[in-house]
Amino acid sequence: MTPSETTRAVTRARVSNLHEGLLRAVTADHDGIGTIHVHRAFDRMRAPAGVAFIDLVVMPPGTSIGTHRHGDDEETYVILSGRGRMVVDGEEFAVGPGDVVVNRPHGEHGLTNDSGTDSDSAGGTGTDLHLLVFELAPIGGAR
């Protein structure tokens, strides 16, 4: 192996590509609708202190993460692309690229990709909604 091939091989071992089979299908997440696709980039075993997990989530049009609660952890949704409807503690609102939604400990939350539906003001066929989900572990350690 040449030095440049070795460098590429070492770099490639450190790089994950979501388009090469890392996303796993999750059906009816938190009793939601349809099948979303998830990659757990970090979890408690590998993540920085205080982070329970970091997920990349891809939600096709018409799918949802059902309304649910967690314990004393805090979960943050960062919308990367696409649009949808979020519910936080009974309040429903539109979300889009760049939105950061903090779901407080013991709070109730859910997300729907409503693109391409009657409730989507843009109409059309719909697009995938991409987001990062960060869950912070409770202060004081593991649950």
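Nothing fancy with the numbering, it's 1 onward along the sequence.
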Please examine the side chains of [Y] and [X], heavy atoms only from C-beta on, and report whether any two atoms are closer than 4.5 Å.
{"X": "Y77", "Y": "L132", "value": "no"}
{"X": "E135", "Y": "V51", "value": "no"}
{"X": "F93", "Y": "V101", "value": "yes"}
{"X": "T35", "Y": "V26", "value": "no"}
{"X": "M59", "Y": "I65", "value": "yes"}
{"X": "D128", "Y": "H130", "value": "yes"}

Identify, with sequence neighbours excluded, every residue that meets side-chain contact (heavy atoms from CB on, under 4.5 Å) alongside [X].
{"X": "D31", "result": "none"}
{"X": "T127", "result": "S115"}
{"X": "V102", "result": "E74, T76"}

*Starting at CG of D72, measure out to CG of L136 and round the result to the nearest 0.5 Å.*
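It comes to 11.5 Å.
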
*Rounded to the nearest 0.5 Å, what's the gap from CZ on F53 to CD on E75? Could you check?*
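So the gap between those two atoms works out to 4.5 Å.
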
Looking at [X] and [Y], what are the two nearest heavy atoms and their distance?
{"X": "S81", "Y": "P97", "answer": "CA-CG, 4.0 Å"}
{"X": "S64", "Y": "I33", "answer": "OG-N, 2.8 Å"}
{"X": "I36", "Y": "V57", "answer": "CD1-CG1, 3.9 Å"}

*Following the transitive rule for hydrophobic clusters with a side-chain heavy-atom cut-off under 4.5 Å over Ile, Leu, Val, Met, Phe, Trp and Tyr, establish whether V78 and L56 coincide in one cluster.*
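In one cluster: yes.
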
_Do H68 and E108 pair up side chain to side chain, a donor and an acceptor below 3.5 Å, judged on atom types alone?_
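On atom types as modelled, these side chains do not qualify, holding no pair under 3.5 Å.
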
*Do the ring planes of H70 and H109 sit parallel (below 30°), tilted (30 to 60°) or perpendicular (above 60°)?*
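The rings of H70 and H109 lie parallel, inter-plane angle below 30°.
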
*side-chain contact (heavy atoms from CB on, under 4.5 Å) partner of L131, the single match among N113, V95, I79*: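 So the option named by the test is I79.
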
*Using side-chain contact (heavy atoms from CB on, under 4.5 Å) as the criterion, point out the one residue from T112, V58, L80, L111 that pairs with L129.*
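In the set T112, V58, L80, L111, the residue that makes a side-chain contact (heavy atoms from CB on, under 4.5 Å) with L129 is L111.
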
*Worked verdict on R83 versus D114 for salt bridge (charged side-chain N to carboxylate O under 4.0 Å, His left out)*: CA-CA 7 Å; R83 300 200 173 277; D114 67 346; over 6 Å; no

